[in-house]
Amino acid sequence: MNIESIVKTKLIDAIKSNYAQDVELKQIQLQKTRREIEGDITVVVFPFLRLSRKSPEQTANDLGEYLQENIEEIESFNVIKGFLNLVIAKSYWISLLNNILKDSSYGYNSNNPDAKTIMVEYSSPNTNKPLHLGHIRNNLLGYSVSRLLEANGHKVLKVNLVNDRGIHICKSMIAWERFGEGKTPESTNTKGDHFVGDYYVRFDKEYKKEVAELIKGGLSEEEAKKESPLLKAAQEMLRKWEAGDEAVVALWKKMNSWVLAGFDVTYKQMGVSFDKIYFESETYKKGKKIVLKGLEDGVLYQKETGSVWADLEGDGLDHKLLLRDDGTSVYMTQDIGTAYERFEEFKLDKQIYVVGNEQNYHFQVLSLVCKKLGFDWAEKINHLSYGMVELPNGKMKSREGTVVDADDLMSEMINTARETSKELGKLDGYSTEEAEKVFETVALGALKYFILKVDPKKNMMFNPQESIDFNGNTGPFIQYTYARIQSILRKAKDNGVDIKDVNTEVSLDEKESYLLKMLSEFPQVVSQAGKEYSPAMVANYIYDLAKEFNGFYHDFPILIEKNEEILNFRIQISKLVGTVIKNGMAIMGISVPERM
RNA sequence: GGUCUAGUAGCUCAGUUGGAUUAGAGCAACGGCCUUCUAAGCCGUAGGUCCCAGGUUCGAGCCCUGGCUAGAUCACCA
């Protein structure tokens with residue numbers, strides 16, 4: 001039992017003993033004592049005044065005396081403005097340190113009694129163009145939340161639902177057929193997703209030309225957009241694809257394989273992965289049976305023209321189409337079908353969709369319709385809704401050329417990291433290969449941290465003009481702190497320092513015990529972040545820890561310390577900071593270098 | 001128009017289920033610190049009507065109501 005729980009239970013006793021009143025565990029508020037005040041844990045006594053019928057000061061004193069008498073670890077207490085500050089014995093913190101030092105996966109809850117099986121769907125790209133910054137946020141979040149849930153002891157299935165069918169890919173196909181001259185990614189030495197994306201852009205260009213011509217010929221803009229022969233060709237191609245036309249399917253397979261090969265490279269660079277990949281071409285018809293069953297059961301209704309709908313007015317929403325007049329499925333129908341299959345196949349306790357907040361409505365409806373259809377898993381569907389990445393001049397628009405390409409961004413970051421590192425010249429002695437590995441680690445650390453430190457729910461701003469920082473509240477700052485620590489540990493080893501358990505009587509400076517307290521909070525941070533699906537909480541904690549460590553590092557000699565007990569303590573606490581940084585960064589999918 | 005989300009320093013962001021009349025970081029600006037363990041670091045100065053107005057209570061950046069501003073969404077598209 002940790003010290004907070006002990007204080008809470010004893011506090012209940014204290015109130016009973018002093019005032020003959022009962023309080024529930026939930027009513028007790030503990031908080032960290034503010035740094036400039038002596039103490040470790042603070043009890044907020046205001047809620048108890050009704051029970052004590054005494055002044056805040058008197059109440060705090062009563063409770064403080066009881067707690068000090070009944071809890072061994074409490075050394076003393078003080079009362080300021082009605083806040084009861086408890087001072088925990090240093091030896092408590094040090095033995096805590098000794099315990100967690102033995103645990104290399106400190107912070108991770110490996111035997112969670114509430115472990116669940118959770119599927120996280122993320123990435124879900126369209127196969128007509130390369131990934132951009134918006135996808136980066138999605139991928140990093142999805143991967144990181146998966147790691148976070150694993151850190152909380154859950155079994156996680158990471159899946160990707162690739163949208164490989166539809167009018168968009170047909171547009172690229174038509175453009176390639178017409179203007180491609182038989183070129184391939186190999187023949188042009190282009191990454192497959194970029195190659196296909198170029199034809200998607202080409203389609204749009206030619207399409208606009210056609211529309212302009214048609215308008216000149218006397219059509220309205222609206223008519224022209226519908227009458228464009230190129231668009232009609234794409235629509236015809238989609239029909240052929242759905243009919244299984246061999247030539248079309250072959251072309252479709254070829255172009256998709258180019259794109260997917262390109263995505264694999266990007267995913268690998270980003271460091272994300274999946275346990276299973278679904279393709280919409282295989283799932284897009286799913287859900288129809290379920291919907292028809294729902295119609296039979298009377299929870300859905302059919303219009304005269306044949307289409308099937310869900311009436312959600314009772315939930316304050318509109319009517320939602322589930323099957324078209326011709327009986328084909330829509331997006332929603334497919335999602336119902338795949339969700340059903342996933343819950344059946346994997347016995348999921350939870351399904352999380354990492355999808356932008358522009359689809360909030362969709363997921364609200366999905367959950368409601370599933371509930372209407374009588375599925376008990378309807379409420380196990382979670383939409384991890386994240387905000388848009390905005391540029392200074394607004395949203396990214398691929399047609400206006402304002403997208404920040406994922407591959408470009410990553411390679412630019414690596415270049416910057418390389419330049420910076422060479423300027424600082426700290427990798428002397430590393431082979432080119434080793435050094436390149438570090439540049440990549442740092443570059444991706446900067447990018448990932450930049451994205452993940454922001455609360456997922458919020459929109460975030462990215463300014464391509466000001467490249468992502470490597471100083472201050474950044475990934476490299478944290479990585480640097482880690483590298484410093486590793487340097488100390490290497491030297492300690494070289495010096496033959498004998499590292500052992502810390503003597504519980506060793507005297508600590510304020511900064512040292514503050515660091516210790518911070519370290520003890522790590523598991524709670526991971527747990528809280530897991531509940532809220534927020535890697536940002538981990539990011540902010542790790543940053544604060546690194547910042548605090550750097551202050552300590554600056555003020556206190558470690559290896560030069562003469563007193564062996566203190567030397568030992570400082571090495572040990574440094575080591576633990578390193579472990580926590582490493583474990584915390586791993587949750588964000590960020591690796592840490594031994595040197596930088 | 002309906003629904004949802006956000007608004008904290010010049011800029012980018014923190015601020016755990018309401019808690020200490022000193023609301024925090026980083027960047028940018030200015031000033032210090034490398035003959036001592038990695039200066040991608042540390043310390044300091046300056047910078048705020050927490051969008052506005054009410055309300056709830058011992059106590060509000062956080063909760064409620066109304067307004068302002070910005071964004072998203074409301075297809076037989078995906």
Side-chain angles (χ1 to χ4, degrees), chain A residues 26 29 31-34 36-37 42 44 46-47 49-50 56 80-83 85 126 163 165-168 280 284 303 305-309 316-318 321-326 328 330-332 334 356-362 364-365 385 387-388 390 392 394-395 417 420-421 423-424 426 442 446 450 453-455 457-463 466 469-481 483-492 495 524-525 528-529 531-532 534 536-537 539-541 543-544 546-547 550-551 553-561 570-571 574 595-596:
Chain A
K26 282 184 179 175
Q29 295 179 48
Q31 56 189 255
K32 284 192 292 177
T33 303
R34 290 179 59 131
E36 56 279 14
I37 292 168
T42 294
V44 184
F46 293 103
L49 299 184
R50 277 185 306 116
I80 301 173
K81 291 179 186 166
F83 289 84
N85 306 305
N126 291 347
N163 185 4
R165 64 164 285 277
I167 192 72
H168 50 83
E280 286 203 1
Y284 79 106
K303 283 192 180 172
T305 47
S307 54
V308 179
W309 298 73
L317 298 176
D318 221 331
L321 176 86
L322 295 172
L323 290 175
R324 300 188 183 97
D325 285 345
D326 63 7
T328 53
V330 293
Y331 199 35
M332 183 66 69
Q334 176 194 179
N357 60 17
E358 54 203 351
Q359 292 198 38
N360 284 353
Y361 181 75
H362 175 82
Q364 201 185 344
V365 171
S385 161
M388 301 287 99
E390 289 166 343
K395 248 185 109 170
T420 311
S421 185
E423 259 172 48
L424 296 169
K426 290 186 194 163
V442 172
F450 178 83
K453 76 170 178 185
V454 181
D455 183 341
K457 292 193 295 287
K458 292 189 177 173
N459 287 356
M460 64 179 293
M461 176 64 71
F462 175 80
N463 188 345
E466 312 163 2
D469 249 298
F470 286 68
N471 300 320
N473 186 353
T474 66
F477 170 90
I478 297 165
Q479 291 172 317
Y480 176 73
T481 309
R484 270 182 154 177
I485 291 169
Q486 299 319 301
S487 171
I488 288 175
L489 298 179
R490 279 193 300 271
K491 286 193 171 144
N495 295 354
Q524 295 151 46
V525 171
Q528 186 66 25
K531 282 178 194 151
E532 307 197 9
S534 174
M537 293 181 70
N540 286 309
Y541 165 80
Y543 169 70
D544 288 340
K547 176 110 184 105
N550 278 321
Y553 178 92
H554 180 267
D555 292 355
F556 296 86
I558 299 172
L559 295 171
I560 311 152
E561 173 59 42
R570 289 185 182 159
I571 291 175
S574 301
R595 287 174 55 183
M596 69 181 272

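Each chain gets a letter, A, B and so on, in the order its sequence line appears, and its residues count up from 1.
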(message) According to a cutoff of under 5.5 Å between the ring centres and under 30° between the ring planes, does A:Y480 stack with the base of B:G41?
(response) no
(request) Can you tell me, in whole Å, how much space there is between the P of B:G66 and that of B:G2? (result) 12 Å
(message) Please confirm whether the shortest side-chain N or O distance from A:S487 to OP1 or OP2 of B:U38 is below 4.0 Å.
(response) yes
(request) Ignoring backbone atoms, test whether A:N471 places a side-chain nitrogen or oxygen under 4.0 Å from the OP1 or OP2 oxygen of B:G41. (result) yes
(request) Whole angstrom is fine here: how far is it from CZ in A:R50 over to P in B:U57? (result) 13 Å
(request) Considering just the side-chain nitrogens and oxygens of A:K531, establish if one lies under 4.0 Å of OP1 or OP2 belonging to B:U16. (result) no
(request) Hey, which sits more toward the 5' end of RNA chain B by its nearest nucleotide, A:T42 or A:L559? (result) A:T42
(message) When you compare the ring of A:F46 with the six-membered ring of B:G19's base, are the centres less than 5.5 Å apart and the planes under 30° from each other?
(response) yes
(message) At less than 4.0 Å, is any side-chain N or O atom of A:R165 found next to OP1 or OP2 of B:A78? Yes or no.
(response) no
(request) For B:A23 and B:G47, measure between their C1' atoms and round to the nearest Å. (result) 14 Å
(request) For B:C77, take OP1 and OP2 only and decide whether either is under 4.0 Å from a side-chain N or O of A:R324. (result) yes
(message) With a cut-off of less than 4.0 Å, is there a side-chain N or O of A:K457 near OP1 or OP2 of B:G7?
(response) no
